[in-house]
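A note on names: the letters A, B, ... follow the listed sequences, proteins ahead of strands, and every chain is numbered from 1.
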Amino acid sequence: MDELRAVLLGRMKAAFDSVEEGADPVLRPSERADFQANGVLPLAKRLGRNPSEVASQIIVAAELDDVCERVEVSGRGFINLTISERFIAGQLSEQATDERLGVPMASDPEVLVVDYSHPNVAKEMHVGHLRSTIIGDALCRMLGFAGHTVVRENHIGDWGTPFGMLIEHLLDIGEEKAVHELSVGDLDTFYRQAHVSFDDDEQFRERSRHRVVLLQSGDPETLRLWRVLVERSVRYFDDVYSKLGVLLTDDDIVGESFYNDILSDVVRDLEAIGLLVESEGARCVFPLGFTNRDGDPLPLIVQKSDQGFGYAATDLAAIRDRVGRLGAKCIVYVVGAPQAQHLEMCFAVARMAGWLPEPVKAVHVAFGNVLGADRKMLRSRSGVPVKLVDLLDEAVQRADAAVTGRDPSLAHDERDRVAQMLGVGAVKYADLSTERTRDYTFDWDRMLAFEGNTGPYLQYAHARIRSIFRRGNLSAPSSYPTPNLAEPAERALGLALLGFAGAIEATLEQWSPSRLCSYLFELATAFTTFYETCPVLKAPPDVLPSRVLLCELTGRVLERGLDLLGIQAPDQM
RNA sequence: GCCCUCGUAGCUCAGCGGAUAGAGCGCCGGCCUCCGGAGCCGGGUGCGCAGGUUCGAGUCCUGCCGGGGGCGCCA
């Protein structure tokens, strides 16, 4: 199905081509009409011609009679386009019968690897993991919906020197107690105590170092203890993921340890290519364009002076594996902004080594911090980072309080379910709706508000639609009429509905779920205006089916849109 | 010191080189015999500063100011 914007763009492009091959129409939404083409001015400038004359020529060439009811040149050469009601209505009929709601499948489906969440074994998940996990989740959902093959990879921290300390601590408190602590999700205590011992006890430090050696040399008992830590932690992560409602499963876990066996190959191959340089005892690659504070070349340390492998080695191995074994055409890293330089260096080295050959892309989807009311990194009263589970539990609790009493007809278990959807949805939406590169301030009252650009507002709009269907004893129509858009609110809602595909496209282009959030908010706003001015159940018989269609379609777009963000939409709330 | 990033209304945030820079919250004023008032309509002072590129700059470039981050063996 041809989406409205795509049709317009096609016509305009052809018309611009007829004046100058390849000229960009610069088609944009307009406040003065439905769309405007801004490309005339630069084109006329290049050709040294009169803008309004060029505009007229383009309008004739575009042949928009079946799409637009009004096409006019205004200002110094803008082309304003007003879509005809008939065309909008026709597009809506198509969208309504389309299971994909007008969203086209990608014309060039690719294999994409998305690296996100990556918690550390035996370490608490905090709000820092929240952003990576839900932004990554939303992107995976949208990429999949767009028809791409998405490989989710959860690169958990399951290897490295801290494991000497963690295993020794496990032995000190006893395996049974350790398993218990990890099982009930008390990872903070476990990790902190291990660290305290490491800091205070020279003997413990010595044992830890020795344990690292045992681990790396494959000592069976040490490996068994290591597995206990990993398995227990993974179970805990699963609990959090299930609370959060994200797609990640155990099958997506590709931890750092997965690459152990090929790290030496990475180093060997870098050496064979001649990229490896020994510096201060470490084996490094110096990619061009990176300097340290003295202006000297900055190394990517692949193998440390103690012969251990740095995380750069693991990251390089992962790139090679993802391109080579998985056939990735694009690798997406949903990782905090501070790692920008490290990732760029890894990408640069991988390119030099030929492990990231030209058409293959590597993208850093960076994000900012979650701040508390004091504008600093969100922390609990005691000053430690907030546990993700605590955050989610509180969200559900607050949502439950908000729902209680609002709708007495809800049964208790149903209310619990709704509180779950609202609370978790509110947290996710608050995060996703902020442009990801910015820091954002965490504020319970705002994110759980039922007004404004919030999760609950969108869920509410959806629930109202369902309510109409319940009250009117309506079911989803089996065939769709051509909608009547005589009322301005009907027309505006219709146009908003047709923007769904474009919103998803923009989101993926910029790897920024906030684009889809903005769209859904606009759609919900357009719906509420429609809802206020256009009665549905009490509508005259000739427009009733049309309004039912608009409601039904809006409900589906909202539900699908929220779903692509990883947010559930209850039928009542 | 160098590099990255952010700076938009009282607050929280949108703005893909285009016309008079938009929402939400809060504040003020309207609207309901009406499908869920958790609503709708109206009301406004703002792009950190200074240059530059452009027919046109919140958007691109340079410098400065301010917040955050990074800058060799933690991941």
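A salt bridge does not link Arg209(A) with Asp306(A): none of the charged nitrogens is closer than 4.0 Å to a carboxylate oxygen. Residues Arg466(A) and Glu559(A) are paired through a salt bridge, judged by an N-O separation under 4.0 Å between the basic side chain and the carboxylate.
Side chain Ser467(A) to base G36(B): a donor-acceptor pair is found below 3.5 Å.
For the pair Arg466(A) CZ and G36(B) C1', the computed distance is 15 Å after rounding to whole Å. Remark: C1' of A38(B) and CE of Met447(A) are 18 Å apart, rounded to the nearest angstrom. Rounded to whole Å, atom C1' of C4(B) lies 16 Å from atom CZ of Phe367(A). Atoms CG (Leu458(A)) and P (G39(B)) sit 13 Å apart, rounded to a whole Å. Rounded to an integer number of Å, the gap from Tyr460(A) OH to C35(B) C1' is 11 Å. Rounding to whole angstrom units, CG of residue Asp445(A) and C1' of G26(B) are separated by 13 Å. Straight-line distance from the NE2 atom of His462(A) to the C1' atom of G36(B): 15 Å, rounded to whole Å.
In this structure, Arg5(A) forms no cation-pi arrangement with Phe35(A), as its terminal cationic atom is not both closer than 6.0 Å to the ring centre and no more than 45° off the ring axis.
A14(B) and G46(B) have their C1' atoms separated by 14 Å, with the value rounded to a whole Å. Across the P atoms, C40(B) and A23(B) are found 13 Å apart, a figure rounded to whole Å. Comparing the P positions of C13(B) and C74(B) gives an interatomic distance of 36 Å, to the nearest angstrom. Rounded to whole Å, the C1' atom of C49(B) lies 16 Å from the corresponding atom of G67(B). Taking atom C1' in both U59(B) and G48(B), one finds a spacing of 16 Å when rounded to whole Å.
Tyr519(A) and Ser514(A) share no side-chain donor-acceptor pair at under 3.5 Å.
Residue-level contact check: Tyr440(A) touches the backbone only, with heavy atoms under 4.0 Å from sugar-phosphate atoms and none from bases. When heavy atoms are screened at a 4.0 angstrom cut-off, Cys534(A) is found touching base atoms of the nucleic acid.
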For this session: Let me have a per-nucleotide readout for nucleotides 61-75 of chain B, 5' to 3', with B, S or -, counting only protein heavy atoms under 4.0 Å.
Result: -------SSSBBB-B

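Counting only heavy atoms from C-beta outward, the side chains of His342(A) and Tyr311(A) approach each other to under 4.5 Å. Asp24(A) has its side chain out of reach of Phe16(A): every pair of non-hydrogen atoms, C-beta onward, lies at least 4.5 Å apart. Between Leu565(A) and Lys428(A), the closest side-chain pair of non-hydrogen atoms is not below 4.5 Å.
Stem list for RNA chain B (at least 3 consecutive Watson-Crick or G-U pairs, distances under 3.5 Å): B:1-7 with B:65-71, B:10-13 with B:22-25, B:27-31 with B:39-43, B:48-52 with B:60-64.
Regarding contacts with the backbone of C13(B), a side-chain N or O of Thr441(A) is found under 4.0 angstrom from either OP1 or OP2.
A stacked arrangement is not assigned to Tyr531(A) and the six-membered base ring of G39(B), the conditions of a centre distance below 5.5 Å and an interplanar angle below 30° not being jointly met.
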For this session: I would like to know whether Ser74(A) and Asn80(A) meet side chain to side chain donor-acceptor pair (under 3.5 Å); could you show each step before the answer?
Result: CA-CA 7 Å; Ser74(A) 78; Asn80(A) 291 345; 3.1 Å; yes

For this session: Begin from the C-alpha positions of Arg32(A) and Glu72(A) and carry the test salt bridge (charged side-chain N to carboxylate O under 4.0 Å, His left out) through to its verdict.
Result: CA-CA 11 Å; Arg32(A) 302 162 181 250; Glu72(A) 51 195 12; over 6 Å; no

Can you tabulate the close N/O pairs, meaning under 3.5 Å, that link protein atoms to atoms of nucleotides 14-25 of chain B?
| from | atom 1 | to | atom 2 | distance (Å) |
| --- | --- | --- | --- | --- |
| A14(B) | OP1 | Glu435(A) | N | 2.3 |
| A14(B) | OP2 | Arg438(A) | NH1 | 3.2 |
| C16(B) | O2 | Arg28(A) | NE | 3.4 |
| C16(B) | O2 | Arg28(A) | NH1 | 3.4 |
| G18(B) | N2 | Arg76(A) | NH2 | 3.3 |
| A19(B) | O2' | Arg32(A) | NH2 | 2.0 |
| A19(B) | N7 | Gln36(A) | OE1 | 3.3 |
| A19(B) | N7 | Gln36(A) | NE2 | 3.1 |
| A19(B) | N6 | Asn80(A) | OD1 | 2.5 |
| A19(B) | N6 | Asn80(A) | ND2 | 3.4 |
| A19(B) | N1 | Ser74(A) | OG | 2.5 |

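Aromatic ring centres of Tyr333(A) and Phe347(A): separated by under 6.0 Å.
Toward the 5' end of RNA chain B, the nearer of the two residues Pro456(A) and Phe530(A), judged by each one's closest nucleotide, is Phe530(A).
For the pairing with Arg515(A), the side-chain hydrogen bond (donor to acceptor under 3.5 Å, both in side chains) check across Gln510(A), Glu505(A), Glu435(A), Glu509(A) returns one residue only, Gln510(A).
Using cut-offs of 30° and 60° on the angle between ring planes, the pair Phe442(A) and Trp444(A) is perpendicular.
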